[in-house]
Amino acid sequence: MKYSMKLSHAVHILVFIKTNPNSDLSSTAIAKSICTNPGCVRQIMMKLRKAGLLNSVTGHAKPSLAKEPSDITLFDLYRAVEGEKPLLHLDTQTNPDCGVGINIQLSLQRYYDEVQEAAEHKMKEISLENIITLYYKKAEKFYQETIGNSHF
């Protein structure tokens with residue numbers, strides 16, 4: 001089973017762009033940071049651009065956020081890259097002749113819908129600014145623990 005990393009990549013891309021405005025912001029440079037290929041980055045950036053979250057021009061490696069980080073939610077990013085795709089998926093390959101196989105999926109759907117609703121509500125409360133703030137705190141702590149303690 002393969003899990004989608006599009007949301008994580010979308011957040012990574014926007015944080016990379018926001019925190020490195022004077023760096024190489026080509027899809028190749030961003031892809032190196034994510035450990036993926038430039039085509040994947042371009043595809044996600046295209047979705048972010050279509051959703052009105054990213055400004056970029058093909059052929060120019062100077063993308064920028066289309067909104068302030070405080071005005072971009074995790075839910076906005078989720079919808080931009082995943083569309084209406086739910087977080088949890090029913091198994092459509094169960095045996096239709098098995099009472100458990102067919103009825104368990106019908107039973108699960110209600111709970112999956114509840115989980116989806118709760119997750120979407122929470123994602124609407126988390127802004128890109130929240131993520132960037134925590135990123136800087138984690139980076140500072142990492143710096144203090146690794147570089148700050150070195151004796152050269």
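Numbers here are sequence positions counted from 1. The structure displayed is predicted, hence computed values, not measured ones.
- Counting heavy atoms from C-beta outward, Leu65 and Asn55 have side chains that stay 4.5 Å or more apart.
- With rounding to the nearest 0.5 angstrom, the OG1 atom of Thr28 is 7.5 Å from the CG atom of Asp24.
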Could you walk me through whether Val41 and Ile34 satisfy the side chain to side chain contact (heavy atoms under 4.5 Å, CB included) test, starting with their C-alpha distance in whole Å, then the side-chain angles of each, then the deciding distance to 0.1 Å, before giving a yes or no?
CA-CA 9 Å; Val41 170; Ile34 298 174; 4.2 Å; yes
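- Side-chain atoms of Ser23 do not come within 3.5 Å of backbone N or O of Leu25 as any donor-acceptor pair.
- Gln109 has its side chain out of reach of Gln105: every pair of non-hydrogen atoms, C-beta onward, lies at least 4.5 Å apart.
- For the residue pair His12 and Ser33, a side-chain donor N or O sits within less than 3.5 Å of a side-chain acceptor on the partner.
- For the pairing with Ile72, the side chain to side chain contact (heavy atoms under 4.5 Å, CB included) check across Leu54, Ile126, Leu77 returns one residue only, Leu77.
- With a 4.5 Å cut-off on side-chain heavy atoms, Tyr136 and Thr19 count as touching.
- A salt bridge is absent between Lys124 and Glu120; no separation between the charged side-chain nitrogens and carboxylate oxygens falls under 4.0 Å.
- Using a 3.5 Å distance cut-off with no hydrogens or angles, the side chains of Glu125 and His121 do pair a donor with an acceptor.
- Lys137 has no carboxylate O lying under 4.0 Å from a charged side-chain N of Glu140, or vice versa, which leaves the two without a salt bridge.
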Under the side chain to side chain contact (heavy atoms under 4.5 Å, CB included) criterion, do Ile131 and Leu14 qualify, and how do the steps go?
CA-CA 10 Å; Ile131 295 167; Leu14 293 186; over 6 Å; no
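- Neither Tyr78 nor Leu134 shares a network with the other; the hydrophobic side chains, linked directly or stepwise wherever heavy atoms of I, L, V, M, F, W or Y lie under 4.5 Å apart, form separate groups for each.
- For the atom pair NZ (Lys50) and NZ (Lys47), the distance works out to 8.5 Å, reported to the nearest 0.5 Å.
- Rounded to the nearest 0.5 Å, atoms NE2 (His60) and OG (Ser26) are 14.0 Å apart.
- Other residues, nucleotides and ligands contribute at most 12 non-hydrogen atoms within 6.0 Å of the CD atom of Gln93.
- Both Leu88 and Ile104 are part of a single hydrophobic cluster, where members link through side-chain heavy atoms under 4.5 Å apart.
- The cluster map of Ile, Leu, Val, Met, Phe, Trp and Tyr, joined by side-chain heavy atoms under 4.5 Å apart, puts Tyr112 and Val100 in the same cluster.
- Between the NZ atom in Lys67 and the OG atom in Ser127 there is a gap of 12.5 Å [rounded to 0.5 Å].
- Cluster annotation: Met46 and Leu53 are assigned to distinct hydrophobic clusters (Ile/Leu/Val/Met/Phe/Trp/Tyr, side-chain heavy-atom contacts under 4.5 Å, transitive).
- Under the 3.5 Å distance criterion, with hydrogens and angles disregarded, a donor-acceptor pair is assigned to the side chains of Thr73 and Asp76.
- The side chain to side chain donor-acceptor pair (under 3.5 Å) search around Ser107 returns none, not counting sequence neighbours.
- Summarising the geometry, atom CZ belonging to Arg110 is positioned 10.0 Å from atom CG belonging to Asp113; distances are rounded to the nearest 0.5 Å.
- For NZ of Lys122, the number of neighbouring non-hydrogen atoms (other residues, nucleotides, ligands) closer than 6.0 Å is 12 at most.
- Contacts of Ser4 classified as side chain to side chain contact (heavy atoms under 4.5 Å, CB included), with partners at least two apart in sequence or in another chain: Lys6, Glu82, Lys85.
- Under a 3.5 Å cut-off, the side chain of Gln116 and the backbone N or O of Leu87 do form a donor-acceptor pair.
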Start with the C-alpha gap between Ile30 and Ile17, add the side-chain angles, then the distance that decides, and say whether side chain to side chain contact (heavy atoms under 4.5 Å, CB included) holds.
CA-CA 8 Å; Ile30 296 170; Ile17 290 167; 4.2 Å; yes
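- Closest of all the heavy-atom pairs between Ser70 and Glu129 is CB-OE1, 2.7 Å.
- Side-chain atoms of Thr133 and Asn130 form no donor-acceptor pair, as typed in the model, at a separation below 3.5 Å.
- Under the 4.5 Å side-chain criterion, counting only non-hydrogen atoms from C-beta, Ile132 is in contact with Lys18.
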